[in-house]
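Take a look at the structure below.
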Amino acid sequence: MTKEVNLTLKLKQYFGFDKFKGDQEAIIRNVLAGKDTFVLMPTGGGKSLCYQMPSLLMEGTAIVISPLIALMKNQVDVINGMSEVNGVAHYLNSSLNKAAIDQVKADILKGVTKLLYVAPESLTKEENVDFLKTIKISFYAIDEAHCISEWGHDFRPEYRRIRPIINEIGKAPVIALTATATDKVRTDIKKNLGILDATEYKSSFNRPNLYYEVRPKSKDIDRQIIMFIKQNPGKSGIIYCLSRKKVEELAAILQANDIKAAPYHAGLDSVTRSQTQDDFLMEEIDIIVATIAFGMGIDKPDVRFVIHYDIPKSLEGYYQETGRAGRDGGEGKCITFYAYKDLQKLEKFMEGKPVAEQDIGRQLLQETAAYAESSVCRRKMLLHYFGEEYHRDNCGNCDNCLHPKNKIEAQNALEIVLRAIIAIKENFRTDYVIDFVTGKESNEILAHKHQELDEFGSGEDENPKLWNPVIRQALIAGYLKKDVENYGLLKVTAAGKKFLKKPTSFMIVEDTEFKDYEEEGPGEGSGTALDPTLHSILKDLRKKVAQKQKVPPYVVFQDVSLEQMATVYPVTIEELQNIQGVGAGKAKRYGKEFIDLISKYCKENEIERPEELRVRTVAKKSMLKVKIIQSIDRQVALDDIANAQGIDFDELLDEVEAIVYSGTKLNIDYFLEEVMDEDHIDDIYDYFLESDTDNLDDAMDELGDDYSEDEVRLVRIKFLSEMAN
């Protein structure tokens, strides 16, 4: 009994807490007893105390292997701040000069230093290995241990070398800690560290205070984010983007809209990063826009929301990043924007990597897509992914539970899936099983001669969109499982075999359909209502102006521009320029009549304009449009411009269209004369002159197969440039 009181007393003495959280005390006792320990504890659960406290109580120095320099500094400052003596905690990494390194070594040799943080790269340096061989090591702590596993979301090859180095320095107990790890990752970590017999402590992954929502990613995503932040004034939030470029752009847009935000990514110098981190902790800024480089070990309890601008590469990454919200148990909103084409982009990035790595990456992406597209309780799906069962059907705190979909009977479909998996000897993954039941003769199926089996094509009469949700929900229900060692192979469980003998009802919810944002119609997803009366008046004005100018109406303003005007009521030329498809040239040429009409309409109808929707944009850093305009002025061939800018021809045409639609005149005659027949140019030009619409599909239908899509687009650019600008 006395020992227990002692630990609680020590906790109060060193850390100022009255009682331990969760498994902390049991973990500390296990480390004090000299046993290998594996700790799986979600973000905010108090992992660092599990190695900090035993290091202060044991003889010798504990070596903490940690991946981030910023994180080490943060933790070393905290420990030293609690101690009366200087140097109780130190770190060894590439940021220190020789004098500082000598000071660290002197303190360790004097027995003052109880905790030494090292990066894995520093641990492998010969002079550090030689020094550490000479001291008494109490234990090794491997923080962020998921970095060891290729299946983890933040794989670092140098982490795989930790065990051989430990053997060289001198054996001592090992404690591995991570906030996110599936069964596969856990096995991988323990195997690699040689601690297969470690006592394992696994805390629940359920964070009941976090609200999970996945939204379709639409063209007005910036507007949605600004609206969300304005509706949550003064609250701290993190927005994750996958690219540094997007981080910079979005931070600039937020700043332009009077939001206290700053960018954070690995490309910024360390002084700027530290300053931004401090400003966020001190509430000088509310929002950090960051790549995943931000957040590991950032101890800010009151982050109220985490937004994912892009879908993360894995559910581990997603869980860890969302876990930075609401660490104090208070409100934490986790909102993710999802479009399938973002996943395709991530797949493209993997090309050129070793095949095994691509395979792992793709499977992790498939799990993320499954989470985003599923209509099942998000909490249930996440916990299932981490090997934990959630017994409630409705958590009441995610979008799918707050807006549940109708369930459909899938008993027959489940029988088909289970029989198919058994027929192909439980040796294949989801996508193969779906090809098999739908009767798709893929190369892989033909290679295995599986098209000859009776079960081949047994589900071809069902809706093909049914199979993914059936398999996912069969996994959650326990009829199927994925083989941990051979990641992703589907196996039928005892419950699945029982179901086949005596089938019962199996109700499922169908997946959510996500439309990719490029395919969106004008004005879709704008999040606010279009004013039909104003829209109709604006169309009349456009028609009048068009007749006066002797041009088709769409040449004055596109439909999408009128729809946005009738949604956000712009009343100045500056506001008008924020409308899609309206640039400075067009606003100057036609804008006055339109803003006068809108202004008058608002006064007469006492309309309160939605201030927060007037999202101020910032000039794109890319300068791409400027380069295109300059190249066309110099009469560079358009395909050469595309090559020079590293974009494909379609993307170039998108940019050129955006330039002329917003009112800038471009002369591409030099290129047309080279690549097109003069009669073709005249025919297409005449079509647009007489047409009521600039819609490409309509033009292709009307003009017939004699003209390619590129030709029609090119002449449409010429036409708009001459007639509209």
Side-chain angles (χ1 to χ4, degrees), residues 42-43 67-68 144-157 159-160 178-186 188-189 205 212-217 221 238-247 250 264-267 288-296 306-325 334-374 378 381-382 384-386 429-431 472 482 487-488 514 516-517:
T43 305
L68 284 184
E144 309 291 354
H146 55 266
C147 296
I148 285 173
S149 173
E150 291 181 85
W151 291 98
H153 61 279
D154 194 20
F155 175 55
R156 315 256 300 234
Y159 256 63
R160 306 286 271 189
T178 176
T180 54
T182 56
D183 292 345
K184 169 77 181 163
V185 173
R186 287 215 309 281
D188 207 10
I189 292 168
F205 275 77
Y212 300 106
E213 180 184 342
V214 179
R215 295 184 185 181
K217 192 173 188 177
I221 177 173
I238 304 170
I239 303 173
Y240 285 107
C241 306
L242 282 174
S243 76
R244 294 176 186 183
K245 183 172 170 245
K246 181 49 74 185
V247 164
L250 185 59
Y264 186 105
H265 58 72
I288 292 268
V289 187
T291 54
I292 55 167
F294 180 77
M296 274 172 124
V306 169
I307 294 173
H308 280 93
Y309 193 98
D310 304 293
I311 195 88
K313 294 174 193 173
S314 72
L315 276 184
E316 276 104 331
Y318 170 79
Y319 181 84
Q320 187 155 33
E321 286 154 26
T322 54
R324 289 170 191 141
C334 309
I335 293 167
T336 301
F337 288 93
Y338 171 70
Y340 188 70
K341 66 177 215 151
D342 284 353
L343 285 184
Q344 291 171 315
K345 257 189 229 165
L346 287 172
E347 279 203 357
K348 228 176 161 42
F349 290 152
M350 288 182 219
E351 286 170 12
K353 289 187 172 175
V355 175
E357 211 177 307
Q358 286 189 45
D359 195 32
I360 291 169
R362 274 198 197 93
Q363 287 172 57
L364 293 174
L365 283 179
Q366 278 166 8
E367 299 282 3
T368 312
Y371 171 81
E373 290 168 16
S374 176
R378 300 215 185 270
M381 277 206 80
L382 268 182
H384 177 262
Y385 183 74
F386 289 110
R429 295 182 192 150
T430 301
D431 41 6
R472 285 174 202 151
K482 281 187 179 173
Y487 202 88
F514 281 88
D516 272 347
Y517 47 99

Step-by-step side-chain hydrogen bond (donor to acceptor under 3.5 Å, both in side chains) determination, T178 to H146: CA-CA 6 Å; T178 176; H146 55 266; 2.9 Å; yes

Trace of the side chain to side chain contact (heavy atoms under 4.5 Å, CB included) decision for Q320 with E144: CA-CA 11 Å; Q320 187 155 33; E144 309 291 354; 3.5 Å; yes

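D188 places a side-chain heavy atom less than 4.5 Å from the side chain of R160. Contact annotation: the side chain of Y212 never approaches that of M381 to less than 4.5 Å [non-hydrogen atoms, C-beta and beyond]. The side-chain heavy atoms of E316 and E367, taken from C-beta on, include no pair separated by under 4.5 Å. Contact annotation: the side chain of R244 approaches that of T291 to within less than 4.5 Å [non-hydrogen atoms, C-beta and beyond]. Within the 4.5 Å cutoff, side-chain heavy atoms of L346 are placed close to those of L242. In this structure, I238 and E321 have side chains that are not in contact, with every pair of non-hydrogen atoms separated by 4.5 Å or more.
In summary, K217 and D342 engage in a salt bridge, as defined by a charged side-chain N under 4.0 Å from a carboxylate O. A salt bridge between R429 and D359 is present, with a side-chain N of the basic residue lying under 4.0 Å from a carboxylate O of the acidic one.
To the nearest 0.5 angstrom, I221 atom CD1 is 4.5 Å from F337 atom CZ. Here the CZ-OG1 distance, from R378 to T336, works out to 8.0 Å after rounding to the nearest 0.5 Å. Atoms CG and CD, from L365 and Q358 in turn, are 11.5 Å apart once rounded to the nearest 0.5 Å.
At a cut-off of 3.5 Å, with distance as the only test, a side-chain donor of E373 or Y338 sits close to an acceptor on the other residue. A donor atom on one side chain and an acceptor atom on the other are not found under 3.5 Å apart for Q366 and R362. Residues Y371 and Y318 have side chains that bring a donor and an acceptor to within less than 3.5 angstrom of each other.
A ring-centre distance under 6.0 Å is found for Y319 and F205.
Closest approach of V247 to C241, counting heavy atoms only: CG2-CB, 3.8 Å. Scanning all heavy atoms of the two residues, the minimum distance from A372 to I311 falls at CB-CD1, 4.1 Å. Residues T322 and H308 come closest through the heavy atom pair CG2-CE1, 3.9 Å. T368 and P312 make their closest contact through CG2-O, 3.5 Å (heavy atoms, listed as atom of the first residue, atom of the second, distance).
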